[in-house]
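Take a look at the structure below.
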Amino acid sequence: MTDASSPLIVGGDRGPQPGAVRPDEDLLAGLNPPQREAVTYRGQALLIVAGAGSGKTSVLTRRVASLLRTKDAWPSQILAITFTNKAAGEMRERVAQLIGDRAQGMWISTFHSACVRILRREAEQFGFTKSFTIYDSGDSRALIKRLVKEHEADAFGLTPAATQSRISKLKNELTDAESYARDANMNDPAERVFAGVFADYQRELQRANAFDFDDLIAQTVYLFRAFPKVADVYRRRFRHILVDEYQDTNHAQYALIRELTKPVGADAEPISGGGGMMIFEPEPEPDAGDAASLTVVGDSDQSIYAFRGADIRNITEFERDFPGAKVVLLEQNYRSTQNILSAANAVIGNNFDRKDKKLWTDVGAGEKIVGFTGYSQHDEAQFVADEVETLRKAGVDYSQMAVFYRTNSQSRALEEIFIRSAVPYKIMGGTKFYERAEIKDALAYLIAVSNPADEMAMRRIINRPRRGIGDVTIETISRYAEQEQITFRDALANSSALGVGPKIQKAIAHLDAVLAEASELMLPASGELVPPTAVAEGLHLLLNKSGYNDALRASRDPQDEARLENLDELVAVTREFARNNPEGTLVDFLAEVALVSDADDLDDASGTVSLMTMHTAKGLEYDSVFVTGVEEDLIPHRISAGEPGGPQEERRLFYVGLTRARKRLYLSLAMTRAQFGEISVAMPSRFLQEIPAELVDWRQSPGDVNSRGGTQSRALNARRGGPGGGKRYGDDLVPLARREPSANMNKFANRIPAKVRDNGDMQLAPGDRIRHEDFGEGRVDAVTGEGAKRVAHVRFETAGAKKLLIKIAPIEKL
DNA sequence: GTGTGGCACATTTTT
DNA sequence: TGTGCCACAC
């Protein structure tokens, strides 16, 4: 290993002089030795293995600051890749705090944003224009759906969803439609059809001047390979490349990094074959000093994106890929208490095939992990809501609490209970703002202005609001455009030549006029500067003059009022964009909107509890964390069982969830869970067994709920902790109200599939009277379902109407 | 071309 | 539970 190699000499600036006080000494304050090393090491390649909570963000920002301070790099020579836009923003801010305005000019962004920037500059090189559109998954699904139908591919079992994910996987492996067709077995009709759809899809994207998410990366790689001169521009520019969350990079992203870290001029000879396919073997490095230095940060235990092509080998084989690489291990955790870490270590230790690594902390054991088992997901949610309130009363801010779940659908029950309990919350991701129909419509209007080649956007808005333009007319326009070799958008300008009725002709002419007016407002004539407010004004104009807003206002559908509000919010977003990006154009705005991620809209100061999936939680931390739905078939998810490496990835996901917590961790599950309106029995997750029993304080263990006649009677509506119980907490670490340790704890500890209460095939019929352990007596109204899923609809005397799963409900027939 | 009602199917995670 | 698609009526 070439330790302590000589400092890079850049732009005539010398590195730090030996013996002198380091110019970046202040940046090292408070760092432990490995952290220091990670900040100060200067060499070609550095791998920072950063366990959860080991201060990696701090290290990364200080490393960037140090590179600038020691003059090893100018800001413009730095390219830092983060996982989310939010992380990028924070990093930029923190670097600026450390070293001031010098931070200007760095590229700190996600892979996707960086590629958009590059593609934007170079688009004309390969048949696109600067104003290309970015298709999100929904857009590309819509396009694929159309093509699948056209090719009648569903006859071969090619659903739109399957086709989309297959294309995405291929692109992540840098296989394009042509090379796929070359290697595919064309005797197989299914293969042939798929290859046809793939090729058409790519053709349509090109025709629409559009890239999908995967293309943003893959096409940038192709661009670099096909145009070595272009690649050299960026190799010359970026002398220090830093990549965060490296364990979640896919092959295309890896290839991109490889391209950028080749020595300038490495590809002097143009490569043969226009496709520019992958060259795998490491190239001889003629002059290593000439290549950019690379720093990657990651933790293979937190790799949770294999399903979208992330390749854990990128990090595990880093040392092989970059010979002479320095490796720094960060194992001291500054985030969580020892109890939380012990649980997390124990869980992740069950993954074989991993380098053993143990996080430790010196902050002490802290509180025990709290466990709770509810009857239903609502019961579970009530526990969470009650506990949130208890914490709040003890002085914990809502914004310091988070609730995690495996699947988005689980948020519904939590939401219902939170609303009822008046707990302020915010759902990250889920049905996202930008996926709402009215927002997509509004954006389609903007796209129609910015990228007239995008026929999808045109088709979307042409009859929204209703203008009396149906499929027949759309096809007429489309045919006309093809005939005249013009775009769909331009065909609108010739409405009189289309041969449609006068009413429709007028409607088309009006839409054309509105789009033209908006174009004038938002698009710069050559050399002209457009005011930053142009996007906001243009959007406002489009929505009003197109009749879109009027149609919503005139509607009597109560939802349309909410849609209007959403559109107002979108206008507000454009204003905000103008404030933050005085030079931002329409095209920039659309790109930003297309690339927002689930975690991006996180607003820390909002004073609300955050609800999100465990995936979204990556990279975040909270004082108090609730991991909910810790059940078999949920975490690990049922579908993962069949996938190679699936269960292990699920374990890593669970590990990510646990390690988000600073002080308090809650694990909860439910004994029954309703999905699709069907109630089914849930079993505790195998991961619970992996946590040493002494770390968990079960308020209500699975055993309590399961076993018949257990000692714990549980009152569904009892409010734990009670309001205004007169408890006073001075300390930050609150001793929370705790029930006496469950007598059943040992029973549960290492024998998870505890005996489920089983009423056998108890027969109930409408009119029967029953007694329920908690609800008391009631009368059966109806029985639905079959076998183990039979459900009794019962009207209780005091508790009201309930639905009970007959097989396991704590009931007896009277 | 538009609106309605019935029915099938779905939910793993996401830039 | 709820969404999306299709068939049918206006």
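Labels below follow one simple rule: chain letters A, B, ... track the order of the sequence lines, proteins then strands, and each chain is numbered from 1. Keep in mind that what you see is a predicted model, and the values were worked out from it rather than measured.
Residue ring and base: A/Tyr305 does not count as stacked with B/dT13 (centre distance below 5.5 Å and interplanar angle below 30° not both satisfied).
Aromatic ring centroids of A/His615 and A/Phe307 lie under 6.0 Å apart.
Between the CZ atom of A/Phe307 and the P atom of B/dT15 there is a distance of 9 Å, given to the nearest Å. Taking atom CZ on A/Phe83 and atom P on B/dT15, their separation rounds to 7 Å, with Å as the unit. Rounded to an integer number of Å, the gap from CD of A/Gln410 to C1' of B/dT12 is 10 Å. Rounded to whole Å, atom P of B/dT15 lies 12 Å from atom CD of A/Gln253. When the P atom of B/dT12 is taken as reference, atom CG of A/Leu634 falls 11 Å away, rounded to whole Å. In this structure, CD1 of A/Ile81 is placed 16 Å from P of B/dT15, rounded to the nearest angstrom. The CG-P distance, from A/Leu256 to B/dT15, rounds to 19 Å in whole Å. If you measure from atom CD1 of A/Ile474 to atom C1' of B/dG1, you get 11 Å, rounded to the nearest angstrom.
Of the candidates C/dG2, B/dT15, B/dT12, the closest approach to any side-chain atom of A/Arg406 belongs to B/dT12.
Counting atom types as modelled, A/His637 pairs no side-chain N or O with a base atom of B/dT12 as donor and acceptor under 3.5 Å. Not a single donor-acceptor contact under 3.5 angstrom links the side-chain atoms of A/Thr407 to the base of B/dT12. A donor-acceptor contact under 3.5 Å is not formed by the side chain of A/Arg466 with the base of B/dT2.
Within the 4.0 angstrom heavy-atom criterion, only backbone atoms of the sugar-phosphate kind lie near A/Lys145; the bases stay farther away. At the heavy-atom level, A/Asn463 lies under 4.0 Å from the strands shown only through sugar-phosphate atoms. Residue contacts for A/Thr613: at a heavy-atom cut-off of 4.0 Å it reaches the sugar-phosphate backbone alone, with no base atom in range.
Side-chain contact between A/Gln302 and A/Arg652 is absent, with no heavy-atom pair separated by less than 4.5 Å.
For B/dT14, one of the phosphate oxygens OP1 or OP2 lies less than 4.0 angstrom from a side-chain nitrogen or oxygen of A/Thr616. Look at A/Asn408 and you'll find a side-chain N or O under 4.0 angstrom from OP1 or OP2 of B/dT14. Look at A/Thr473 and you'll find a side-chain N or O under 4.0 angstrom from OP1 or OP2 of B/dG1.
For the pair A/Arg308 and A/Tyr305, the distance from NZ or CZ to the six-membered ring centre is under 6.0 Å and the angle to the ring normal is within 45 degrees. Taking the ring centre of A/Phe132 as origin, the terminal cationic atom of A/Arg120 falls inside the region bounded by 6.0 Å and 45° from the ring axis.
For the 3.5 Å distance criterion, the side chains of A/Glu416 and A/His378 qualify, holding a donor opposite an acceptor.
Taking CD1 of A/Ile469 as the start and CD of A/Gln505 as the end, the distance is 11.0 Å to the nearest 0.5 Å.
Both A/Gly468 and A/Arg308 lie near DNA chain B, and the one whose nearest nucleotide falls closer to the 5' end is A/Gly468. Each of A/Glu650 and A/Ile504 was matched to the nucleotide of DNA chain B holding its nearest heavy atom; the match closer to the 5' end belongs to A/Ile504.
Rounded to whole Å, the separation between the C1' atoms of B/dT11 and C/dC6 comes to 23 Å.
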